[in-house]
Visitor: 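Here it is, the structure, as structure tokens.
Order of listing sets the numbers, starting from 1, for every ligand and every atom in it. Residue numbers start at 1 and run along the sequence shown. Hydrogens, waters and symmetry mates are skipped; everything else that's a heavy atom, side chains included, is used.
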Amino acid sequence: RSGRSAALRARMEERLLGARFRYLNQQLYTGTSRDAARLFRADPAAFHLYHRGFERQVRRWPERPVQRIVHYLRRRPASLVVADFGCGDCTLATSVRNQVHCFDLMPLTPQVTVCDMAEVPLADESVDVAVFCLALMGTNLQEILGEANRVLKLGGTLMVAEVASRFEDIRAFLKAMAQLGFRTVSKDLSSSYFYLLEFAKTGPARAGAAPGLRLRPCLYKRR
Ligand code: SAH
């Protein structure tokens with residue numbers, strides 16, 4: 001009998017965690033990157049809960065997007081300096097020989113520099129590769145990608161891995177990226193889970209709104 005009630009309690013706790021994860025996730029996708037920074041600063045436990053939920057989600061996928069970026073970097077010179085925006089547990093940094101600057105809102109590992117990705121402590125044109133792996137969460141996308149543009153060298157690479165269902169109109173998105181100073185080099189839309197996009201920095205962002213730069217929030221279903 002006590003075994004049954006323990007199992008019941010465990011199941012209730014799982015449900016509660018799932019509900020809190022979905023709520024946090026929704027907040028992250030519907031506010032700015034600054035709101036996210038404020039949220040986790042006020043409630044560090046929420047960050048750990050979010051990450052547990054994130055891990056559970058991506059474990060269901062046949063392939064982790066970050067592994068694709070690892071493979072990409074391994075084919076390129078290890079001398080390239082990388083910035084990982086929203087690095088999570090630093091899987092990228094620990095899987096390649098490159099110097100990787102890791103940025104996130106909380107330090108899951110000691111390698112992380114804690115900051116809002118809209119404002120990273122790097123000099124202008126100081127990195128060769130900027131990475132957003134499932135990390136374009138804030139609604140201030142233009143500002144965030146502008147920051148990546150700032151720190152990238154001319155001709156540098158921007159890698160974006162994002163949940164496929166977030167793209168409303170991929171052509172409009174890529175057009176907006178061109179306006180932000182990023183030429184599309186390759187796009188892999190073959191996975192039904194995520195898209196992998198590679199850009200090259202052509203110059204600074206052109207002024208003005210970029211209306212095609214829209215991503216749907218990634219809202220997970222209750223399971
Ligand atoms: N890139 C990692 C983690 C993806 S989860 C991977 O692929 O495994 C998204 C990460 O972005 C989370 O760790 C989250 O904390 C971080 N993030 C979200 N908003 C951020 C912000 N405004 N500034 C920095 N990191 C942010």
Visitor: Does a donor on one side chain and an acceptor on the other come within less than 3.5 Å for Y72 and R76?
Guide: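 Yes, a side-chain donor-acceptor pair sits under 3.5 Å.
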Visitor: Minimum heavy-atom separation for P65 to L134, with atom names?
Guide: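 Scanning both residues completely, I find the closest heavy atoms to be CG-CD1, 3.8 Å.
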Visitor: Put together the list of close N/O pairs, under 3.5 Å, between ligand 1 and the protein, could you?
Guide:
unit_1   : atom_1 : unit_2 : atom_2 : d
ligand 1 : 1 (N)  : G86    : O      : 2.8
ligand 1 : 1 (N)  : C133   : O      : 2.9
ligand 1 : 7 (O)  : C133   : O      : 3.4
ligand 1 : 13 (O) : H51    : NE2    : 2.7
ligand 1 : 13 (O) : D104   : OD1    : 3.4
ligand 1 : 13 (O) : D104   : OD2    : 2.6
ligand 1 : 15 (O) : D104   : OD1    : 2.6
ligand 1 : 22 (N) : S33    : O      : 3.3
ligand 1 : 22 (N) : D116   : OD1    : 3.0
ligand 1 : 23 (N) : M117   : N      : 2.9

Visitor: Please round to the nearest 0.5 Å and tell me the distance separating atom CZ of R150 and atom CG of L152.
Guide: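 CG of L152 is found 10.5 Å from CZ of R150.
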Visitor: Does any donor atom in the side chain of Y193 or E63 lie under 3.5 Å from an acceptor atom in the other side chain?
Guide: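 The answer is no; no qualifying pair exists.
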Visitor: Donor-acceptor check, side chain of D128 to backbone of V82, threshold 3.5 angstrom: yes or no?
Guide: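 A pair under 3.5 Å: no.
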Visitor: Measuring from atom CG of L92 to atom CG of N98, what distance do you get when rounded to the nearest 0.5 angstrom?
Guide: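 These two atoms lie 8.0 Å from each other.
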